[in-house]
2 protein chains.
Amino acid sequence: MHLRLKKNSTAVRMKLTSAAQDATDTEKRGRKASKETRRQQLIEATIDSLAKRGYSETTLADVADGAGLSRGIVNFHFESKEKLLIATLQYMADEYAANWGAALDKAGDKAAAQLWALVACDFDRKICTKRKLAAWCAFWGEAKSRPTYQALCGARDVKYQEIFLALCQTLKDEGGYAYEPEGMTLALCASMEGLWLRLMMGDGLTREKAHAAAVEYLLVAFPTHFTREGPK
Amino acid sequence: MHLRLKKNSTAVRMKLTSAAQDATDTEKRGRKASKETRRQQLIEATIDSLAKRGYSETTLADVADGAGLSRGIVNFHFESKEKLLIATLQYMADEYAANWGAALDKAGDKAAAQLWALVACDFDRKICTKRKLAAWCAFWGEAKSRPTYQALCGARDVKYQEIFLALCQTLKDEGGYAYEPEGMTLALCASMEGLWLRLMMGDGLTREKAHAAAVEYLLVAFPTHFTREGPK
DNA sequence: ACATATTTGCTGAACACTCATTCAAAATAT
DNA sequence: ATATTTTGAATGAGTGTTCAGCAAATATGT
């Protein structure tokens, strides 16, 4: 069970919120945490549990313990375990999409630079954690038999793959390459997903090595556009 | 529950096994099935259940029903659910290894032909079924938190990847390519695993298209060795 | 300011249910 | 007759869900 002061904790908390109202948010911990903050906290605990124990052994008790809250809490903030898991997947999908969206914006308007950025951001520190990869993989494992998961995992690609394809097409025209762009794009995207899978399995593969492998692919596919250090 | 005749079913079964002792094995169904046959039967039912319901919803009751046998049967032939699942994964790993082993034998001794065969056999009818892919993926999802699964999923690569690397190395020397062979091999293997993942997800991707994408990769990586139709 | 009422967030014990496992009895094979 | 295989009901541990009640925060009254 988690320890928690009963009577006198009030005074402590009041002092904290008034004296050390430091920085960012008025809502931080204790009762004061807003609904959205709690949901966030529970989602993080869910990712932890998925990474640590896997999908099939993730229990609400474990999530609650991980968040330092009580047993019934999930059914209060989410309606059910199922809803919590869906919200968790949704959160990860949104984060992923936001990440490559931002990378694309920063990349300028040359196609080569954009493709490079898109590949690089998949191996970004923020996204490509063992913890997050394990959570993704846990959902993949269940996706086949759960349409909702499948939709959310797939939504990852709807826009993404279109952009990828368009970029490969552009580079092909620029460089006069001979390949068939659809197959090329598919193989490239699949390669990055496969690298994620291997990173998660953890055969001593590092983020850097995985990224280097993806880059190696870019080099052979688009030799006139890239060097190992980046777009020309 | 599964329906089953009680008293008179014996006669029916006897007639089947004596009159219609058709073809292959003396041991087929009914009591007569040997230990090994029953285990096999239960493993197949397990793969079915993994594919249909996913890892977390696969129950012994479902496996037993799928095999047309009673509830307690798994604990008789396997000691526990855990052991059944491990035996199932072991079976799939063995089948996979046997498949690429055979493909390699048939490919002759030219490195290009061998690599081509190795890539092709991953998309073979026998191996690359939705059913089997879903089962693989179910195990991948749990592998992170289960050393035993991880070992069996990883064993897939121990020899495999060595051979792959050696072949890429050979082709590089023959063709005077400029890439770094480790990264190249890793990206290629990862690409095929990623294609499996996508096949399983089922975005209207077919075995043929997935194979074509892998081939597209081979073409750009080893342009002097391959055409879309095969090794030169 | 202080007291009281109401709302909101949270708790944890109780409940219902699923499911792996056990085992005595039955069916079958040798 | 004995050994082996199979059955299916019983068992018990584990887990998601419910809900009455508690406590903090806020609103309202004096």
Can you identify which nucleotide, out of [options], has its nearest atom closest to the [X] side chain?
X        : options                  : answer
Leu69(B) : dT11(C), dG16(D), dT7(D) : dT7(D)
Ser70(A) : dG12(C), dT7(D), dT15(D) : dG12(C)
Leu60(A) : dT17(D), dT7(D), dA20(C) : dT17(D)

Donor-acceptor check, side chain of Lys81(A) to backbone of Thr58(A), threshold 3.5 angstrom: yes or no?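 The answer is yes, because a donor-acceptor pair under 3.5 Å joins these two groups.
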
Between Thr129(A) and Lys132(A) (side chain of the first, backbone of the second, donor and acceptor by atom type, cut-off under 3.5 Å), is there such a pair?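 No, the answer is negative, given that no donor and acceptor are paired below the 3.5 Å cut-off.
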
Describe, in one word, how the ring planes of Trp136(B) and Tyr96(B) are oriented to each other, choosing from parallel (under 30°), tilted (30 to 60°) and perpendicular (over 60°).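 The rings of Trp136(B) and Tyr96(B) stand perpendicular, inter-plane angle above 60°.
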
Distance in angstrom units between [X] [atom1] and [N] [atom2], rounded:
X        : N       : atom1 : atom2 : result
Glu36(B) : dT5(D)  : CD    : P     : 12 Å
Asp65(B) : dT7(D)  : CG    : P     : 11 Å
Lys35(A) : dA25(D) : NZ    : P     : 16 Å
Ile73(A) : dT11(C) : CD1   : C1'   : 8 Å
Asp62(B) : dA20(C) : CG    : P     : 10 Å
Arg71(B) : dT18(C) : CZ    : P     : 12 Å
Glu57(B) : dT15(D) : CD    : P     : 15 Å

Exceeds 12 heavy-atom contacts within 6.0 angstrom, atom CD of Glu79(B):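 No, CD of Glu79(B) has 12 or fewer neighbouring heavy atoms, counting only those of other groups under 6.0 Å.
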
Atom of Arg207(A), atom of Leu199(A) and distance for their closest heavy-atom approach: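 Here Arg207(A) and Leu199(A) meet closest at N-CD2, 3.7 Å.
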
In the structure I gave you, are the side-chain heavy atoms of Gln41(A) and Leu69(A) within less than 4.5 Å of one another anywhere?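 Yes. Closest side-chain heavy atoms under 4.5 Å.
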
Which residues satisfy the ring pair (Phe, Tyr, Trp, His ring centres under 6.0 Å) test with Tyr91(A), sequence neighbours excluded?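 Not a single residue meets the ring pair (Phe, Tyr, Trp, His ring centres under 6.0 Å) criterion with Tyr91(A).
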
Would you say Arg38(B) reaches dT6(D)'s phosphate, i.e. side-chain N/O to OP1/OP2 under 4.0 Å?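 Answer yes for this pair, as a side-chain N or O of Arg38(B) is under 4.0 Å from OP1 or OP2.
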
With the threshold set at under 4.0 Å for non-hydrogen atoms, list the residues of residues 75-86 of chain A touching DNA chain D in residue-number order.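 Within residues 75-86 of chain A, the residues near DNA chain D are Asn75(A), Ser80(A), Lys81(A).
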
